[in-house]
Amino acid sequence: MVYLAGEDRYESMKYNRTGRSGLKLPAISLGLWHNFGGINNAENGRSMITRSFDLGITHFDLANNYGPPAGSAEEFFGQVLASDMKPYRDELVISTKAGYHMWAGPYGDWGSRKYMISSLDQSLKRLGLDYVDIFYSHRFDPNTPLEETMGALDHIVRSGKALYVGVSNYSAEQTAEAARILKELGTPMLIHQPRYSLLDRWIENGLQDVLDENGIGSIAFCPLAQGLLTNKYLNGIPEDSRAASTSVFLNENHVTPETLRKVRALNQMAAARGQSLAQFSLAWALRGERLTSVLIGASRVSQIEENVEALSNLEFSQEELDRIDSILNAGNGQDGGTA
């Protein structure tokens, strides 16, 4: 069946300007980190991508090593682009990254000019595209001069292989220096992609100030803390969950009694607002409009639909914000609630 996008796809999504650029991103974007690789159900993946677009999600985020296996998420998204989304290419923002291990030998990792440019060339082939909208340095390389990595990003924009560039997983200090170099080169940094959630607020300790000062946007990954900020773990660790597996990103050691107490208390607050815990957590991350967008992951269409509903209630009272801080600070020598 030929896919036709919903005519009402732009009616309910919220779009935010990315820093001081002219580019707007949807408040909720779809990340293809998990569940879109070669081991996953193709029809389910296609349904999640097309339904996302019907809901106004125009931004799809990838990286060279997403899968598994590495590269397969880009290949799959390229197939969906060719079969379903090609007529809508100019309505889409497609991003990819390079920085983690991708191929054997000394040129398949980190941040050298050799790796960054070669990786993007491979990504474009997998995606079936002439250019991506955003290309990221996926992580800071302590052994390569930052001038080289940023120079590669500048070259990539000037060569027409990406419209904008950004960084991910950079500290506040690294981001400030990278932004300075890119500004001098004439290719401003568009965006930073950090990890950020109710349970991981590190960007509030300096990074957000650097981004504001430099007019750089931000898009948070893991805003639901790998599923901890959903209803999945409210009653413990399900046997089929990521935490019950051998995942290095979330395992039983992360699901502590203290964390569960906080999550359950937050869930009570969410219920009082008429939201699921996931919706509450996404709305909190977007509060105050300091973030441009949040990246959600999904394993089924219903999760995407639920998450987008978070946009119907983004306002928090000061009393609610204070209560959230109290809950999160419980166990740290400060007052807090219990479930």
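This structure is a prediction, so every number in the text was calculated from the model and none was measured.
Here the closest heavy-atom approach between residue Ala270 and residue Ser276 is recorded as CB-O, 3.7 Å. Looking at every heavy atom in both residues, Arg195 comes nearest to Trp202 through O-NE1, 2.9 Å. Taking both residues in full, the closest heavy atoms of Lys24 and Arg17 are given as CE-NH2, 3.6 Å, listed atom of the first, atom of the second, then distance. The two atoms that bring Leu311 and Ala27 nearest to each other are CD2-CB, 3.8 Å, heavy atoms only. Across Leu198 and Leu328, no two heavy atoms sit closer than the pair O-CD1, 3.3 Å. Between Ser52 and Ile304, the shortest heavy-atom contact is OG-CD1, 3.4 Å.
The closest side-chain heavy-atom distance from Asn16 to Leu25 is not below 4.5 Å. Using a 4.5 Å heavy-atom cutoff, the side chains of Met150 and Val167 are in contact. Between Gln279 and Asn313 the shortest side-chain heavy-atom distance does not fall below 4.5 Å. A heavy-atom distance below 4.5 Å is found between the side chains of Ile94 and Phe77. At a threshold of 4.5 Å between non-hydrogen side-chain atoms, the residues Leu229 and Leu282 do not count as touching. No side-chain heavy atom of Asn231 sits less than 4.5 Å from a side-chain heavy atom of Asn267. Looking at heavy atoms from C-beta onward, Phe221 lies in side-chain contact with Asn169 at the 4.5 angstrom threshold. Counting heavy atoms from C-beta outward, Ile327 and Leu266 have side chains that approach closer than 4.5 Å.
Under the 4.5 Å side-chain heavy-atom criterion for Ile, Leu, Val, Met, Phe, Trp and Tyr, Leu190 and Leu185 are members of distinct hydrophobic clusters. Put simply, Ile57 and Leu127 are part of the same group of oily side chains (I, L, V, M, F, W, Y) that touch within less than 4.5 Å, one to the next. Hydrophobic cluster membership is shared by Met13 and Leu291, with clusters built from Ile, Leu, Val, Met, Phe, Trp and Tyr side chains linked at under 4.5 angstrom. One hydrophobic cluster, built from ILVMFWY side chains closer than 4.5 Å, holds both Ile134 and Leu163. If you chain together hydrophobic residues whose side chains sit under 4.5 Å apart, Leu153 and Leu124 fall into the same group.
Asn64 and Ser119 share a side-chain donor-acceptor pair at under 3.5 Å. No side-chain donor from either of Gln303 and Asn307 sits under 3.5 Å from a side-chain acceptor of the other. A donor-acceptor contact closer than 3.5 angstrom links the side chains of Ser293 and Ser29. Under 3.5 Å, the side chains of Glu91 and Tyr10 contain a donor-acceptor pair of N or O atoms. Side-chain atoms of Asp54 and Tyr3 include a donor-acceptor pair closer than 3.5 Å. For the residue pair Asp61 and Ser95, a side-chain donor N or O sits within less than 3.5 Å of a side-chain acceptor on the partner.
Residue-environment remark: CD (Glu305) exceeds the threshold of 12 foreign heavy atoms within 6.0 Å. Atom CG of Asp130 has 12 or fewer heavy atoms from other residues, nucleotides or ligands within 6.0 Å. In this structure, Glu204 places its CD atom where more than 12 heavy-atom neighbours from other residues, nucleotides or ligands lie under 6.0 Å away. Counted within 6.0 Å of CD on Gln318, heavy atoms from surrounding residues, nucleotides or ligands total more than 12; the atom is thus considered enclosed.
The backbone N or O of Leu23 lies less than 3.5 Å from a partner atom in the side chain of Thr18, making a donor-acceptor pair. Side-chain N or O atoms of Asn41 include one that pairs as donor or acceptor with a backbone N or O of Asn44 at under 3.5 Å. In terms of modelled atom types and a separation under 3.5 Å, the side chain of Glu74 and the main chain of Tyr66 share no donor-acceptor contact. Of the possible polar contacts, none joining the Ser72 side chain to the Gly37 backbone as a donor-acceptor pair under 3.5 Å is found. Listed for the Lys97 side chain is a donor-acceptor partner under 3.5 Å among the backbone atoms of Leu62. The main-chain N or O of Leu92 is found under 3.5 Å from a side-chain atom of Arg89 such that the two form a donor-acceptor pair. The backbone N or O of Leu146 lies less than 3.5 Å from no partner atom in the side chain of Thr149, so there is not a single donor-acceptor pair. Between the His59 side chain and the Pro26 main chain, no donor and acceptor come within less than 3.5 Å of each other. Judged by distance alone, with hydrogens and angles left aside, the side-chain atoms of Tyr88 form a donor-acceptor pair with the main-chain N or O of Ala5 at under 3.5 Å. Side-chain N or O atoms of Glu148 include none that pairs as donor or acceptor with a backbone N or O of Pro145 at under 3.5 Å.
The line from CG of Leu286 to OG1 of Thr292 is 9.5 Å long, rounded to the nearest 0.5 Å. A distance of 15.0 Å separates CZ in Arg51 from CZ in Arg300, rounded to the nearest 0.5 Å. If you take NZ on Lys183 and CG on Asn214, they are separated by 7.5 Å, rounding to the nearest 0.5 Å. Taken to the nearest 0.5 Å, the CZ atom of Phe280 stands 4.5 Å off from the CE atom of Met269. Distance CZ/Phe316 to CZ/Arg323: 14.0 Å, rounded to 0.5 Å. Within the model, atoms CE of Met189 and OG of Ser137 stand 8.5 Å from one another, a figure rounded to the nearest 0.5 Å.
For the ring-ring contact (aromatic ring centres under 6.0 Å, His included) condition, the pairs that include at least one residue of residues 147-172, sequence neighbours left out, are Phe140-Tyr170.
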Apply side-chain contact (heavy atoms from CB on, under 4.5 Å) to residues Met48 and Val301 and explain how you reach the verdict.
CA-CA 5 Å; Met48 289 192 286; Val301 166; 4.0 Å; yes
If you apply the rule salt bridge (charged side-chain N to carboxylate O under 4.0 Å, His left out), what do you find for Glu43 with Arg46, and how did you get there?
CA-CA 5 Å; Glu43 185 54 36; Arg46 174 185 176 273; 3.3 Å; yes
side-chain contact (heavy atoms from CB on, under 4.5 Å) assessment of Ile296 paired with Leu30:
CA-CA 5 Å; Ile296 61 168; Leu30 183 66; 4.2 Å; yes
Might you work through the side-chain contact (heavy atoms from CB on, under 4.5 Å) test for Arg201 and Asp325, ending with a clear yes or no?
CA-CA 11 Å; Arg201 300 174 62 171; Asp325 288 343; 2.8 Å; yes
Thr58 and Phe53: CA distance, side-chain angles, deciding distance, side-chain contact (heavy atoms from CB on, under 4.5 Å) verdict
CA-CA 6 Å; Thr58 54; Phe53 188 53; 4.1 Å; yes
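A tilted orientation is assigned to the rings of Phe36 and Phe76, their planes being inclined by 30° to 60°.
With Ser281 as reference, Leu224 is the one residue of Leu199, Leu224, Thr230, Val294 to meet the side chain to side chain contact (heavy atoms under 4.5 Å, CB included) rule.
A salt bridge is defined here as a Lys NZ or Arg NE, NH1 or NH2 lying under 4.0 Å from an Asp or Glu carboxylate O, and Glu258 with Arg261 fails to meet this definition.
Contacts of Arg290 classified as salt bridge (charged side-chain N to carboxylate O under 4.0 Å, His left out), with partners at least two apart in sequence or in another chain: Asp209, Asp212.
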List the atom pairs, with distances to 0.1 Å, where a side-chain N or O of residues 98-112 and a protein N or O form a donor-acceptor pair under 3.5 Å, not counting sequence neighbours.
unit_1 : atom_1 : unit_2 : atom_2 : d
Asp109 : OD1    : His101 : N      : 3.1
Asp109 : OD1    : Arg139 : NH2    : 2.9
Ser112 : OG     : Tyr115 : N      : 3.0

